[in-house]
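So you know, we letter chains A, B, ... as the sequences are listed, proteins then strands, and number each from 1. Keep in mind that what you see is a predicted model, and the values were worked out from it rather than measured.
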2 protein chains.
Amino acid sequence: MARRSGSHSEITGPRIRAAALSLFARHGFAAVSMRQIAAEVGVQAGALYLYTTDKEALLVDLLRDHMDTLIRTYDGRALPPDPHERLRDFVRFHIDYNRDHRDEVFLSYMELRNLSPENFQLIEALRRGYEDRLGRILTDGRTEGRFTAPDIRLATMAIIAMLNGVNTWFRDGGRLSLDEISAIYCDMVEKTVAA
Amino acid sequence: MARRSGSHSEITGPRIRAAALSLFARHGFAAVSMRQIAAEVGVQAGALYLYTTDKEALLVDLLRDHMDTLIRTYDGRALPPDPHERLRDFVRFHIDYNRDHRDEVFLSYMELRNLSPENFQLIEALRRGYEDRLGRILTDGRTEGRFTAPDIRLATMAIIAMLNGVNTWFRDGGRLSLDEISAIYCDMVEKTVAA
DNA sequence: GTCTATAGAAAGATAGAC
DNA sequence: GTCTATCTTTCTATAGAC
C-alpha cells in the first residue's frame, strides 16, 4: 500500500483544491484541518505546503477562481435583448450555475469572514461585479418602462438572496425538478419588479 | 484587579451566553475557543464548564432559545385578518426581529452543520414551524383568491430567503433606514405572490 | 463559584531524509 | 514530490485547592 514517490504536481494540486473545497463546504473552513485535507487526497499534511503557502491561501484561491469563472461564464453567453427575457435568462443561469457549483457558491457566501481584510475586499469586489450584471438588467428595464423598482440595489439584493436560497434546500430527487423550480422562480422574480 | 470569589451564577451564566453568541456570530462556532469566551466574560476557561456540559451545548442552547423566542414573539401578537395585511405584517415583523436579534438569526442559519444529528433535527423543526406561519398566510390568501402561487412551499422559501438577505448587508446609518427598506420589501413580497 | 494547574489530544507549519 | 519526525502552539476538558 505504500505510495510511490514521483512527480505528480499537475494531479495533486487540483486534488488538494477539490478536497479542500468539499471539506470546507461541508464542515466549514475553521473546522477543517490540514491533516483532514491531506488524508482525503492521500498525502501527508506536510505535502500540502508544496501547493499552498498556508490554509487561508487555499481558501482565497478557491473563492477567487470561483468568482472569476462565474463572471466569465456569464459574460461568455449571448444575452436576449428584451429586458424581461434577459431577466429570466439571468435567473435560469444563476440557478443552473449554483447547481453545478454548489460548494463554491456556498463557500463564497459563508467563509468571507475567515479572510484577511485585503482578501475580503478582493472577493467582495468580484461578487459585487457579478451582482451588478443583474443591476444593469433591472436599470435598463426600468429605463424602458418595463420594470418598476423604487431602488435598484435593493431589488438586486432581494433577487440574489431569493435565488441563493434555493441552494440551501434543493436536493436532487426531491419533489420538484430544478427546471420546474427555475420556471417558478422566473415568474416570481419577474413579478417582483413588474411594472 | 483580582476578581473576588463568590456566587455569581445568575450573572455569569447569561454573560457567558452573551459572549458566546457574539463571538460565534462574528467568527464562527468552530473558530471560537472556550478560552476566548472565558476571556470575554472575565473568567477562566475551566469556569465555563459550571454552566455548560460542552461547547456544542452552548450553541444548542442559544439556537433553541432563539427559535422559541422568535415563535413566541410572533404568536403573541394580534394578526390582521386581511391576507395582504397579514403578509405585510409578517414582512415587517421578520425584518424588525432580525435587526433586533441579528447575531441569533445569523447563527441559526450558519451553524446548524456544527450540531449533532439530534440537535440539528430539533432546531430544524423549530425553524420549519416558524416558516409554516408564513406558509399558512400564503395558503389562506390563495384560498381566498387573493394570492397566486403555483407552489406554497417554494414561495415561502423564496420570501424567507429574500428577507434574510437584508441581514447580510444592512448597516445602521446606511443609505436607507430600516423602515424604508421594510416598506420596499413589503411591496416586493406582495408582488411576488400577487394574484 | 472561581481559581491554578495540567492532562491529553490535535492543530498549523517546518526540517531534512529519500 | 512525498515522506517521517518534530517544533510550537492551542485546544477541550478535568482535578483539586480555596
Side-chain angles (χ1 to χ4, degrees), chain A residues 1-63 107 111 113-116 119, chain B residues 1-63 107 111 113-116 119:
Chain A
M1 282 301 291
R3 286 175 54 79
R4 280 245 226 83
S5 286
S7 180
H8 296 295
S9 65
E10 301 86 8
I11 293 183
T12 306
R15 289 187 64 212
I16 288 173
R17 293 160 48 84
L21 172 62
S22 168
L23 288 169
F24 288 164
R26 199 159 17 180
H27 304 111
F29 174 77
V32 173
S33 70
M34 297 296 265
R35 279 175 176 79
Q36 276 178 274
I37 298 170
E40 183 102 344
V41 176
V43 299
Q44 295 297 319
L48 298 184
Y49 292 88
L50 295 169
Y51 302 91
T52 184
T53 60
D54 57 21
K55 196 181 169 191
E56 185 185 332
L58 207 44
L59 177 60
V60 175
D61 282 351
L62 289 171
L63 295 183
L107 263 196
E111 301 295 357
R113 61 184 169 180
N114 285 302
L115 300 179
S116 67
N119 285 329
Chain B
M1 281 300 291
R3 285 177 53 80
R4 279 244 228 84
S5 286
S7 180
H8 296 295
S9 65
E10 301 86 9
I11 292 182
T12 306
R15 289 187 65 212
I16 288 172
R17 294 161 48 84
L21 171 62
S22 168
L23 288 168
F24 288 164
R26 199 159 17 181
H27 304 111
F29 175 77
V32 173
S33 71
M34 297 297 265
R35 276 178 177 76
Q36 278 177 275
I37 298 170
E40 183 100 345
V41 176
V43 298
Q44 296 295 319
L48 298 184
Y49 292 87
L50 296 169
Y51 301 91
T52 184
T53 61
D54 58 21
K55 195 181 170 191
E56 185 185 333
L58 207 46
L59 177 60
V60 176
D61 283 350
L62 289 171
L63 294 183
L107 264 195
E111 301 295 356
R113 62 184 170 182
N114 285 302
L115 299 179
S116 67
N119 286 328

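- Rounded to whole Å, atom C1' of C/dA9 lies 11 Å from atom CZ of A/Arg35.
- No side-chain donor from either of B/Asn114 and B/Glu56 sits under 3.5 Å from a side-chain acceptor of the other.
- Put simply, CG on A/Leu59 is 13 Å from P on C/dG12, counting in whole angstrom units.
- The side chain of A/Val43 has D/dC3 as its nearest neighbour among C/dT14, C/dT2, D/dC3.
- In this structure, the NE2 atom of A/His27 is 17 Å from the C1' atom of C/dA11, given to the nearest Å.
- Between C/dT2 and B/Gln44, no contact under 4.0 Å exists linking OP1 or OP2 to a side-chain N or O.
- One atom, CD1 of A/Ile16, and another, P of D/dG1, lie 11 Å apart when rounded to the nearest Å.
- Taking CZ of A/Phe24 as the reference point, atom NZ of A/Lys55 lies at 5.5 Å (rounded to 0.5 Å).
- Look at CG on A/Asp54: it is 9 Å from C1' on C/dA13, rounded to the nearest Å.
- Atom CE in B/Met34 sits about 23 Å away from atom P in D/dT9, given to the nearest Å.
- For B/Tyr51, a side-chain nitrogen or oxygen approaches OP1 or OP2 of C/dT2 to under 4.0 Å.
- Look at A/Thr12 and you won't find any side-chain N or O under 4.0 angstrom from OP1 or OP2 of D/dG1.
- Out of C/dT2, D/dG1, D/dT14, the shortest distance to the side chain of A/Leu50 is found at D/dG1.
- Atom OH in B/Tyr49 sits roughly 16 Å away from atom P in C/dT2 (whole-Å rounding).
- Among A/Leu58, A/Asp54, A/Val43, the one residue that satisfies the side chain to side chain contact (heavy atoms under 4.5 Å, CB included) test with A/Leu48 is A/Val43.
- Rounded to an integer number of Å, the gap from A/Leu58 CG to C/dA13 C1' is 14 Å.
- One distance of note links CD1 of A/Ile16 with CG of A/Asp61; it measures 11.5 Å at 0.5 Å rounding.
- Remark: A/Arg17 CZ to A/Tyr51 OH distance equals 13.0 Å, nearest 0.5 Å.
- Using a 4.0 Å cut-off, some side-chain N or O of A/Ser33 falls inside it from OP1 or OP2 of C/dA11.
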